[in-house]
Each structure stands twice: as C-alpha cells, then as structure tokens.
Amino acid sequence: GRASGASPAKREHWSGQTAFILAAVGSAVGLGNIWRFPGQAYEAGGGAFMIPYLVALVAAGIPILFLENGIGHRFRGSAPLAMRRSTRRGTSRAGEGVGWWHVAVCFVIGLYYTAVIAWAASYFFFSFDLRYADDPGGFFLDQYLRLGEPGTVSLEFVPGVLWPLLGVWAVAIAILALGVAHGVERLNVIGIPLLVVTFLILAARALTLEGAGDGLSALFTPDFAALRDVDVWIAAFGQVFFSLSLAYGVMITYASYRRRRSNITGPALVVAFGNSSFSMLAGIAVFSALGFLAHQEGVAVADLEGYSGVDLSFVTFPAVIAQMPGGAFFGALFFAGLVIAGLTSLISVLQTISAALQDKFGWNPRVSAVVVGVISAVLSAVGFATTTGLFLLDVVDQWSNQLGIVAGAVAMIAAALWFGRRGTELRRHLSTVSTFRLGRAWVVLVNVVALVLIFMFVSKAVTLGAY
Ligand code: PHE
C-alpha cells in the first residue's frame, strides 16, 4: 500500500543536468551566504577562518553532499521514502522517521524564510523613495515590523508585513504546483543567473566606494589564534552544513529527480564550489560596503554593529544605501537579490515537504502544494506577521538549524550506513557514471563526520541548555 511507499505516478524529472545543478545551487545559495558567512568569517578569525571552513567543506560538506545525493538517487524517493529504502531490508519505520525529521526541520525553516523574503520584498519597494533612509533602525523595528515589548505575546497582525508574506506564500504555492520541471526548475534557471549578475554589480559598486579597503582588511586579516578555539571549528562545520542545505533532506529530494544513469559526483562538486564562490562574492560586497559606512561615520570597521543577520540586511545596509550615490538603484538591486536568493532556497525546503507528502499519500503536486502552502502560510502569519514576530526568529534558528540538523545528519548516517550497511553499495553507485571513483576513504570519512557531529551536538545542547 501507500504506507510502504508505493510511488503513485512516474517520478518527475529535471530536464537535464544543468537544471539540476542550478536548482541545487539555488537551494545552497541563500541568506546563509549573504548575511551569515561574511559576519561569521569576520568574527571567527577573519582570513584565518578560511582554514576551518575549507577543512569542513572538503572533509565533511562534500562527502555528506555525495551521501545525500547518493541516497536520493539510488533509492529514488523523497526523504522519508528514500531513508526507509536505505535501511537494511528497506522497510524500517525508524528509517522513514529520519526522513520525516528532515521534513519537520524544513517545515520550521520555511516559516521564517518566507518572512524574511517578505521583508526583503517590501524593502525593494521602499528603496525607490528611500523611506528607510532617515532612521533605518527605528524604521525597521517600529514603523515596519511594529514590534511590541520583548517577551510580550500579541496576536495583532501588522498589515504591512502580512500582505507581502501572504504574497510570497501565493508565489511559492504556484511554483510548487507547476511541478519540478515547470516550476522549481524554471525558477532556478532564470533566478540563479540573475542573482549572480546582481551580486557582481553590487560587489563592483561596493569595491569602488571610499573605505572599501578597510572593510576588506577587517574581513580578511587573519587572526590565527582563533584556530585554537573549538567554537570556531564548530562554527565552520555549522556554516558549511547550513550553506549546502545538508541534513534537511533537500539534496536527497532534488537528487531523486535526476534520471537513472546520471553523474552524481561531478555536479555535486560544482554545487559545492559554486556555493562557496558565491559566499566569497557576497563577503566582498558586504564588507566593502561596511568599510564605506565606517568611513562615512568616521569610525573603525570594528566599531560597527549589525554586520550579520537581520540587522545587516534591514538596518545596516539601509544606512549604507542612504549614504551612497545612486542608493535607490543599488538598494533595489540588493533587496531584489535577497528575494531571489531566499525564494530559490525556500522552494527547495517546500519541495522537500511536498515530495514527502506526494510519496506518502499519492497526492499530485498541486494538491500537495496547496496543503503545505496553506498550513504553513497560516502559521507563518501568526508567528511573523504579528507584533511578536522578530523575537521568535532567534529561538527557532537556534533549535532547528543548530540542534535539529546535527541530529538529522547523524540519524541519516546511522540509518543508511550503521544499521542499513549501505556504505559499499552507495559508494559503488556513486562511482558508476562518475567522473572519478570514490574510494573506501569516503565511507570512513562519513563515519568520522558522524562522530564529529555527535560531539558538536553535545556541546551545543550544553550551551543551549544553559539559557
Ligand atoms: N542553504 C541555505 C542558505 O545558505 C539555507 C537552506 C538550508 C536552504 C536548508 C534550504 C535548506 O541560506
């Protein structure tokens, strides 16, 4: 029956390898590259952060990216179905549960990713008359979000946030309903080249602003002492996993839409290095702009606050835009870029949820899209379009993106490799049409990564527990 994962119709497909690569890059490149990576690198050793970052990328990120692609492609299913099939007899409910865990984390991330995209869409329009320019902090918190007192819960909707938010959900539902090739793929094939051009223009402009050099030296000056700090290494692993959308079931799902005889490893490398290149590009753009702001305000870059996350995009950047020549144009460009980067990532998490429901209940993409979209839209509106909005974001981010995915990654490795004993089978599968053969070292590496992740989980749980 359906419960055992009978796939309803023929599985959908990407139109080709390039389409898959663009979609996977679309998932990987997101807010994490633009507002997380630069600030993270700056805090955790500057130029020296490149060392733990590259180690985490090569020793953990890429091997796990191969694993997820392998599971999705070999077992041809959404996360729950593929994870179930990856277990010893291919029928384990616990294995399926691992996939549902991934789906649950996707559900949570979808709720707040949409909110950020909605804010960015609003700010795209606010850029034309630069209405945020006079007092960016006050404008964002009091006039736009209309936040209440921290800690107070209120269900009063903020119309200026609610409507854009529902708009983003409507667009997302429409794209999902069009299916893999006509919806998800088309968004990425158009969106990703546009996004790259957008950020090339932004970086070129930012680099030529006065003070850009100070920003870049703040970002790249190495602090090698940071390498002795365990937290810096943990941060690098966390950044790589989040950035490559690993342990969310996304890459399993996307790989399941590739044709049977496909090269899995080559494109995975393109995705990994393409994603890191975009992070560098964003880092250069962001810190050049911060250097300019410091220069304008006559302070050192080190004295600037708000160099990452929500603050960077919605408070610091508006301040930069307010002071630079042609600010309206570059402001609109920046927020348009944020919308595209966000939307292509959002669609990947929603497709992961939608695919799971399609495999489980035999629904078609349209039904699934509406069910996922409507439920999520209501919850995200209650969570983020009310005067309580912003406070939730931090809590949600900590639990789902830090603890949730580490557990999801370890459970995935345990199900497929430790209990399922699929290491050799997956290694052979990944080597069949591959540009290169994966050695046994790959399986060993994946096991080591699991141990490192267990360590990370414990240390993070201890810190979170201390709150
Ligand atoms: N990789 C995205 C980013 O860097 C975030 C993301 C995580 C997207 C998981 C989808 C799934 O912003």
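Because the structure is a prediction, the values reported are computed rather than measured. Whatever order the structure lists ligands and atoms in, that order sets their numbers, starting from 1. Along the sequence shown, residues carry numbers from 1.
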Atom pairs and distances, side-chain donor-acceptor, residues 190-204, under 3.5 Å, sequence neighbours left out:
residue	atom	partner	partner atom	Å
Thr198	OG1	Leu194	O	2.7

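Using modelled atom types, no side-chain atom of Ser92 and backbone atom of Thr87 make a donor-acceptor pair closer than 3.5 Å.
Protein residues having at least one heavy atom under 4.0 Å from any atom of ligand 1 are Ser27, Ala28, Gly30, Leu31, Gly32, Asn33, Ile109, Tyr113, Phe242, Ser243, Ser245, Tyr248, Val250, Ser345, Ser348, Val349, listed by chain and number.
Residues Tyr132 and Phe140 keep their aromatic ring centres 6.0 Å or farther apart.
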What's the verdict on ring pair (Phe, Tyr, Trp, His ring centres under 6.0 Å) for Phe125 and Phe335, showing C-alpha distance, side-chain angles and the deciding distance? CA-CA 9 Å; Phe125 291 108; Phe335 288 109; over 10 Å; no

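Side-chain contact between Ile264 and Ser434 is absent, with no heavy atoms from C-beta onward closer than 4.5 Å.
With respect to Asp359 and Arg76, no salt bridge is recorded, no charged nitrogen being found less than 4.0 Å from a carboxylate O.
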